[in-house]
Every structure is written in structure tokens, then in C-alpha cells.
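Quick notes on the structure that follows.
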Amino acid sequence: MPVEESKKIWMNGQLVDWWDAKIHLLTHALHYGTGVFEGIRAYPTANGPAVFRLAEHMDRLRNSAKIYLIDVPYSTEELVEATRQMLVVNELASGYIRPIVYLGYGEMGLNPLPCKVDVAIAAWPWGSYLGDEGVRNGIRMKISSWQRPDPNATPPASKNTGMYVNSAMAKVEALKSGYDEAIMLSPQGYVSECTGENIFVVRNGVLITPPVSAGALEGLTRHSIMTIAKDQGYEVKEGNLLRSDLYTADEAFICGTAAEVVPVQSVDDRIVGEGKPGPITKELQSIYFATVRGEVDRYKDWLFYVY
Ligand code: PPE
């Protein structure tokens, strides 16, 4: 999806002009994938723009870095404040926020320990990642021939830039085969997650999502949906799913910050349920959209108001 230019980007403590936010060709992360990132959304609310679960995203960013022994030179509080300042100067009413911690210029070679750690936070207006039509009517999915990395190869718990070549391979395969998005299996053959989203199925009124041990990211949207579903009185389980469990589910949906909540129409050409957004999917989707816009009092602590 094209990037829509905004005004300033926060880089190592400075707000720099959009087109001056440059890095050197010999930036370590460009060559070796030694960076970690987050995806966060800000939504319009009755009290101005609010960022959804901002501090938790920054905590996860710091944990992603920790897994790679990268020391982030800013606390979560400092990253939250940097994000606030960056959103204020950009005058964004809503948008997508992309913090990135990456090993910078000065060292080459595979020992990353002496490298300089750079931190940047950008934001721009971004619509529905999988399209408004997908959010409304659902998407067609395909199990990828590319599997999710083994946790002892590239830990999926870290949102590491380099690891996303795996997601990109799966995405391209799905698109070139005429589907909207891919589902990846773990090395053990269980359903893991999608290229940038977690997945849920509904069976007999119970929600099931793959555990982190199947390579699923501990998604904040996943957590929000699990909380909302439990509060609505549904049973929610983390459990291993086989691909055939997707084919025979009553409902399925995927969720993530960029994608939000998207119903699944079919998997590998097997129609899921009625082939249109199911009642529980629609219920959770509409509560999620109201929550991020600050319309649900119960979840107001999940919002960080910019002003
Ligand atoms: N799994 C993966 C692999 C993933 O990248 C994301 C977020 C999720 C699950 C959902 O996590 P959460 O956003 O906390 O609910 N993917 C981010 C980047 C997407 C991209 O394509 O770039 C996002 O949604 O912002």
C-alpha cells in the first residue's frame, strides 16, 4: 500500500522533515535484517485522536529488541512521549504509527553487538490494510506452502524486520494464486497465523485461536478480541488447530493492528460457514471498531489521548 507523506518523523530524539529521514546505505539492518518494529494505530475519537494500546506496543517493541540482545536507549514512557510529540506536529487525526529500532551505520559483519542502535517513529494516514470490501464481506485465504519460522530459527515472538521476508513470501504466493491473504502453519503442521495477523475460528459458539507455541504473535488485537469476547460471555480457548479445523469452522476471522478485524470467506476454496461474516465475527468486529474510537467505556484504559 502506498505511503502517504506526512510532515515529520521522530529520529533518535529529533523531529526531522519527512524527506530528511534518511539512513546510510551501509546501515547494518538493511543488510542483515537486524531491526525490530511495531505497528500501531491512532483513531479519531470524540476527544481528539487516541492511540490504541500505545504503551503495550512499546513494551512489545522493547521485548522484540531484547530477544535480539538489542538495547533500546529509550524507556517505554519516553517512546510514548516521542509518539505523542510526533503526532502533534503532524496534526494527524488518525493514522498508522511505525516505530522501528534498528542497528545503524558504523559496523559491518555478523557480530551485531558493537553496532549503534537507532530508533525512529513515523506515522502516516493508512486505510484498511486488506481493503474496506474485505472488512465488510470477508476475504479468501490460502494455506501457504511457506511455513512460519521455527522458534529456534527466527523467534516469531519478536517483530524482527528480517523475519518478515517469510511473511512477504507467503503473501506473494497467496496473491499470485488469486487469494487475498495467506495462513501459515508451524513447523509441526499446526495453524500458526497469517502474514501480519492472528487468526480465530468459532465452533459451537466457542472461540479458538492458536497458542504462541504454534508461532502466533502475542497480538494486541488478539488480546483485545479475547477480552471483548469473554466479556460478551463467550468461551475463548487457545488451542492447536489443524488446517481442516479451518475448513469446517462455523466462522473464522483474522485480526491485527493494520488489518483490524477481517472475516474469512473461505480457506483453500472451502467455504467457511455461510461464506459471509458470521454473527459472532460481526458482533466482535463492531465492538472492536467502537472500542478503538473510544465509544466503549469499559475499555477506555486502552486509549492514549494525544491532546
Ligand atoms: N502476527 C503478525 C505476524 C503480525 O505482524 C501482526 C501485526 C500480528 C500478528 C497482529 O498483532 P497486533 O497488531 O499486535 O494485533 N502486524 C503489524 C504489521 C503489519 C504489516 O504488514 O506491516 C500490524 O498489524 O501493524
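Note that the structure is a prediction, hence the values are computed from the model and not measured. Read the numbers this way: they start at 1 and go in the same order the structure lists the ligands and their atoms.
Atom 9 (C) of ligand 1 has its closest protein heavy atom at E193 OE1, 3.3 Å. Protein heavy atom in closest approach to atom 15 (O) of ligand 1: T221 OG1, 2.6 Å. Among all protein heavy atoms, the one lying closest to atom 22 (O) of ligand 1 is R98 NH2, 3.1 Å. Distance from atom 20 (C) of ligand 1 to its nearest protein heavy atom, with residue and atom name: Y129 OH, 3.4 Å. Here the heavy atom of the protein found nearest to atom 13 (O) of ligand 1 is T257 OG1, 2.5 Å.
The atoms of ligand 1 that sit less than 4.0 Å from any heavy atom of Y96 are 17 (C), 18 (C), 23 (C), 25 (O). For ligand 1, the atoms sitting less than 4.0 Å from at least one non-hydrogen atom of N198 are 9 (C), 10 (C), numbered in the order shown with element in parentheses. Of all atoms in ligand 1, listed by their number and element, those nearer than 4.0 Å to a heavy atom of G39 are 25 (O). Within ligand 1, counting atoms from 1 as listed, the ones closer than 4.0 Å to a heavy atom of K159 are 4 (C), 5 (O), 6 (C), 7 (C), 16 (N), 17 (C), 18 (C). For ligand 1, the atoms closer than 4.0 angstrom to any heavy atom of L220 are 12 (P), 14 (O), 15 (O). Every atom of ligand 1 with a heavy atom of T195 under 4.0 Å away is listed here by number and element: 3 (C). The ligand atoms of ligand 1 that sit less than 4.0 angstrom from a heavy atom of Y164 are 2 (C), 3 (C), 4 (C), 5 (O).
Looking at heavy atoms from C-beta onward, Q188 lies out of side-chain contact with Q147 at the 4.5 angstrom threshold.
Residues T248 and R203 bring a donor and an acceptor atom of their side chains to less than 3.5 Å of each other. Side-chain contact check for E56 and W302: no donor-acceptor pair (N or O, by modelled atom type) lies under 3.5 Å. There is a side-chain donor-acceptor pair under 3.5 Å between T195 and E181.
Using a 4.0 angstrom heavy-atom cutoff, R60 counts as in contact with ligand 1. Using a non-hydrogen distance threshold of 4.0 Å, H223 does not register as a contact of ligand 1. Note on ligand 1: I40 sits outside its first shell, no heavy atom being nearer than 4.0 Å. For the pair R148 and ligand 1, a heavy-atom separation below 4.0 Å is found.
E218 CD: 12 or fewer foreign heavy atoms inside a 6.0 Å radius.
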Determine, stepwise, if the pair K8 / D17 fulfils salt bridge (charged side-chain N to carboxylate O under 4.0 Å, His left out).
CA-CA 5 Å; K8 300 266 188 190; D17 286 341; 2.7 Å; yes
Could you go through the salt bridge (charged side-chain N to carboxylate O under 4.0 Å, His left out) check for D269 and K142 one step at a time?
CA-CA 8 Å; D269 302 307; K142 178 193 192 307; over 6 Å; no
Run I121 and M58 through side-chain contact (heavy atoms from CB on, under 4.5 Å) and show every step you take.
CA-CA 11 Å; I121 310 171; M58 292 308 187; 4.2 Å; yes
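Under the 4.5 Å side-chain contact rule for hydrophobic residues, I225 and V202 share a cluster.
Looking at R222 and E238, a side-chain N of the basic residue comes within less than 4.0 Å of a carboxylate O on the acidic one, giving a salt bridge. By the 4.0 Å N-to-carboxylate-O rule, R98 lies too far from E38 to be salt-bridged with it.
Ring to ring, F52 and Y288 are close: their centroids are under 6.0 angstrom apart. Taking the six-membered ring for Trp and the full ring otherwise, Y164 and F37 have centroids separated by under 6.0 Å.
Among G256, A258, S167, S192, the residue whose heavy atom lies closest to atom 24 (O) of ligand 1 is A258. Taking only non-hydrogen atoms, the option from G219, G196, A259 nearest to atom 8 (C) of ligand 1 is G196.
Backbone and side-chain nitrogen or oxygen atoms of H57 are examined, and none is located within less than 3.5 angstrom of a nitrogen or oxygen of ligand 1.
Under 4.0 Å from ligand 1, the heavy atoms of E197 that appear belong solely to its backbone. Contacts between E218 and ligand 1, counted as non-hydrogen atom pairs separated by less than 4.0 Å, are absent for every part of the residue.
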